[in-house]
Amino acid sequence: MKSDHQLVIYNSLSGKKENFVPLHEDHVGMYVCGPTLYSEPHMGNMRTFINFDFIYRCLLYLGYKVKYVRNITDAGHITNSAGQELDSIGSAARSAQVQSLEIVYTYNVKFQELQRVYNLLPPSIEPTATAHIQEQIEVIEQIIENGFAYVVNGSVYFDVKTYMQQHNYGALSGRKVDELEQETRTLNAQGEKRFFADFALWKKANPEDMQVWRSPWGNGNPGWHIECTAMSTKYLGKQFDIHGGGLDLKFPHHEDEIAQNCGSFGCNPARYWMHANMLNVNGQKMSKSLGNYFLPKEIVNGTSALFTKPYPAAVVRFFMLQAHYRSTLDITEEALNASEKGFERLMEGLSLLEKLTPSNSSSFEVAKVLSAAEAAICDDFNAPILIASLFDAVKYIHAINEGKEQLTQEDLLWFTHAMNTFVQDVLGIEPSKKEENQRLSGVMDMVITLRQQAREQKDWTASDMIRDGLEKAGIQIKDSKDGTSWS
RNA sequence: GGUCUCGUGGCCGAGCGGCUAGGCACCGGUCUGCAAAACCGUUUACUCCGGUUCGAAUCCGGACGAGACCUCCA
């Protein structure tokens, strides 16, 4: 690790910030629960992926060699909370009258495209559940062998009661099983389960299931949580450094993952559990069931009913990083507009930085400005503080430009390189690329010359007509001492 | 109902015992033919009531309000 600051991470398991010490020096293994591809991920899903992408980038910045695994759920999850069975991938496929494979493939292509648009670094590996059925079966067999699961009528259930004799079920979510029991006792038909809190590791196939695999217990589907245990173990080992996901996965998904890992390999899979908070719309969690969601592509192409205009993906990303990953974030047009302005200010600062002229001496310490940014990264990946420190740096950039502050050639290069690293590599914000349209710029040069002539002749009517006309066409004229520019 | 989290200025959002967060908006200024843009400066705050403390937005207790999880969910 190249930073002077000690990296501190908030661990959901302990509820505290802890010094980060990787299992293997300079290496980090990180597993993040990815999307379920029976529909297109919405903006709330994207926030989680953006947050973990930022965390991934921070770790890389700090000099760690990171193995980042983010799974893709393409196997149907079966639930039977109230005796009602639901295969989400299967249902979507049936209604669309196409094979489930086709659905999953279609959404996967869209998801990959979204990752490019939102500038997410590709994970080291993106394993799919369907390609790891064998591994899942092997983990289940191990759990059975260890006595923490039982087979009933072609299904396999995790035996929470037996598990609790040796392990702490509820360590992550803070749930007590006897409390859970009081809550659920009245509701549900226990069915095949021996104990209400038991959960399915393998579920016997239903006649209408589209996805069915062979197993030692007959044809069926893997349970909802087993894929993550199988894939994280395969690619990162029985224990690794960081396990992340959305806050809503804490219980039961992550709790059950811990149980499965302890039940098969005897240890909690991850040393640090990290949970990203939700994206809210009007104070409520964005979710499919509430119907208050919009898609990441809709905000970019301006087709979301919530917003009056499109916002570049980089602006949306910037907006999200202005809040800490552990806080909820409310998305509104007003807030987005504020971020867009700030985003432009930062970008203009960066482009001005490239044009600064060096001096013989430096009037301030570059290291001090940069240190604040690095400290923010190390303090539980505090993106908003990082951004605030970059705005502080922008003030210095303008001061240098106005001759109020100076930097030597050497310091200026250092400053420039660091700023670009923080913005592009760490925040993952690509500077807005000006579309270099040769023909348009030729025309604009001419129009500006015409207007300049009118101005020199004090023909304000003509000059304002040109200015207003361009404004209507979405081109803004900027007059300054050094001449006129447009954007 | 149970478990938990949160309530910060016009908006979004950091901070989490003493030190300006930041962005946007507002206001003032510089610049300008007038604008716009840009830059500079700047006002406004910690839901309420108690307690601990020399000192609390920050810790403790209570009230009110909001949200999450307990069911697929990032």
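Below, read A as the first sequence line, B as the second, and so on, with proteins coming before strands; counting in each chain starts at 1. These numbers come from a predicted model, not from an experiment.
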Notebook entry, point to check: In terms of side-chain heavy atoms, does A/Tyr10 have a donor or acceptor partner in A/His324 at a distance below 3.5 Å?
Noted result: no
Q: Establish, yes or no, whether the cationic atom of A/Lys193 lies under 6.0 Å from the six-membered ring centre of A/Phe196 and within 45° of the ring axis.
A: no
Atom NZ of A/Lys176 and atom P of B/C69 are separated, to the nearest Å, by 20 Å
Worksheet entry | Under 4.0 angstrom between A/Arg70 side-chain N/O and B/A74 OP1 or OP2 | no
Counting only distance, no hydrogens or angles, is the base of B/A36 paired donor-acceptor with the side chain of A/Arg467 under 3.5 Å?
no
Answer for the Watson-Crick or wobble partner of B/G28, both distances under 3.5 Å, is B/C40
Kindly say if A/Thr36 contacts the phosphate of B/C72, meaning a side-chain N or O under 4.0 Å from OP1 or OP2. no
Test log, rule salt bridge (Lys or Arg N to Asp or Glu O under 4.0 Å), inputs A/Arg451 and A/Asp479: CA-CA 11 Å; A/Arg451 177 161 170 276; A/Asp479 293 326; 3.0 Å; yes
### Any A/His324 side-chain nitrogen or oxygen under 4.0 Å from OP1 or OP2 of B/A14
no
(message) For the C1' atoms, the ones on B/C49 and on B/C12, what distance do you get once it is rounded to whole angstrom?
(response) 29 Å
- [ ] Check whether NZ of the Lys or CZ of the Arg A/Lys288 lies under 6.0 Å from the centre of the six-membered ring of A/Tyr38 and within 45 degrees of that ring's axis.
- [x] yes
Any strand, both distances under 3.5 Å, Watson-Crick or G-U wobble: B/C16 pairs with none
With A/Asn71 as partner, the option from A/Glu126, A/His132, A/Glu227 fulfilling side-chain hydrogen bond (donor to acceptor under 3.5 Å, both in side chains) is A/Glu227
By nearest-heavy-atom nucleotide on RNA chain B, the more 5' of A/Lys288 and A/Gly283 is A/Gly283
Examine B/G23: is either OP1 or OP2 under 4.0 Å from a nitrogen or oxygen in the side chain of A/Lys395? Give yes or no.
yes
Answer for the Watson-Crick or wobble partner of B/C59, both distances under 3.5 Å, is B/G51
Any N or O donor-acceptor pair under 3.5 Å from the base of B/C4 to the side chain of A/Arg175? no
If you look at every strand shown and take non-hydrogen atoms under 4.0 Å, does A/Ala335 touch a base, only sugar-phosphate, or nothing?
sugar-phosphate
Interatomic distance, CE@A/Met43 vs CG@A/Leu295, rounded to 0.5 Å, equals 9.5 Å
With the side chain defined as heavy atoms from C-beta on, A/Asp248 is closest, among B/G67, B/A14, B/C73, to B/C73
* To do: Compare side-chain N and O positions of A/Asn382 against OP1 and OP2 of B/G15 and report whether any pair is under 4.0 Å apart.
  => yes
_If I pick the C1' atom on B/U52 and the same atom on B/G17, what distance separates them, to the nearest angstrom?_
11 Å
Donor-acceptor pair under 3.5 Å: do we get one between A/Ser327's side chain and the base of B/G13? no
If pairing means Watson-Crick or G-U wobble with both distances under 3.5 Å, then the partner of B/G67 is B/C4
When both distances are under 3.5 Å in a Watson-Crick or G-U wobble arrangement, the nucleotide paired with B/G9 is none
Taking only side-chain N and O atoms of A/Arg326, does any of them lie within less than 4.0 angstrom of OP1 or OP2 on B/G13?
no
Scanning all shown strands, the Watson-Crick or wobble mate of B/G33 with both distances under 3.5 Å is none
- Message: Distance check, C1' atoms only: B/G55 and B/A74, in whole angstrom units.
- Response: 42 Å
Which of B/A74, B/A14, B/C24 is nearest the side chain of A/Leu249? It is B/A74
Next item on the list: Can you check whether any acceptor in the base of B/A35 is under 3.5 Å from a donor in the side chain of A/Asp479, or vice versa?
Entry: yes
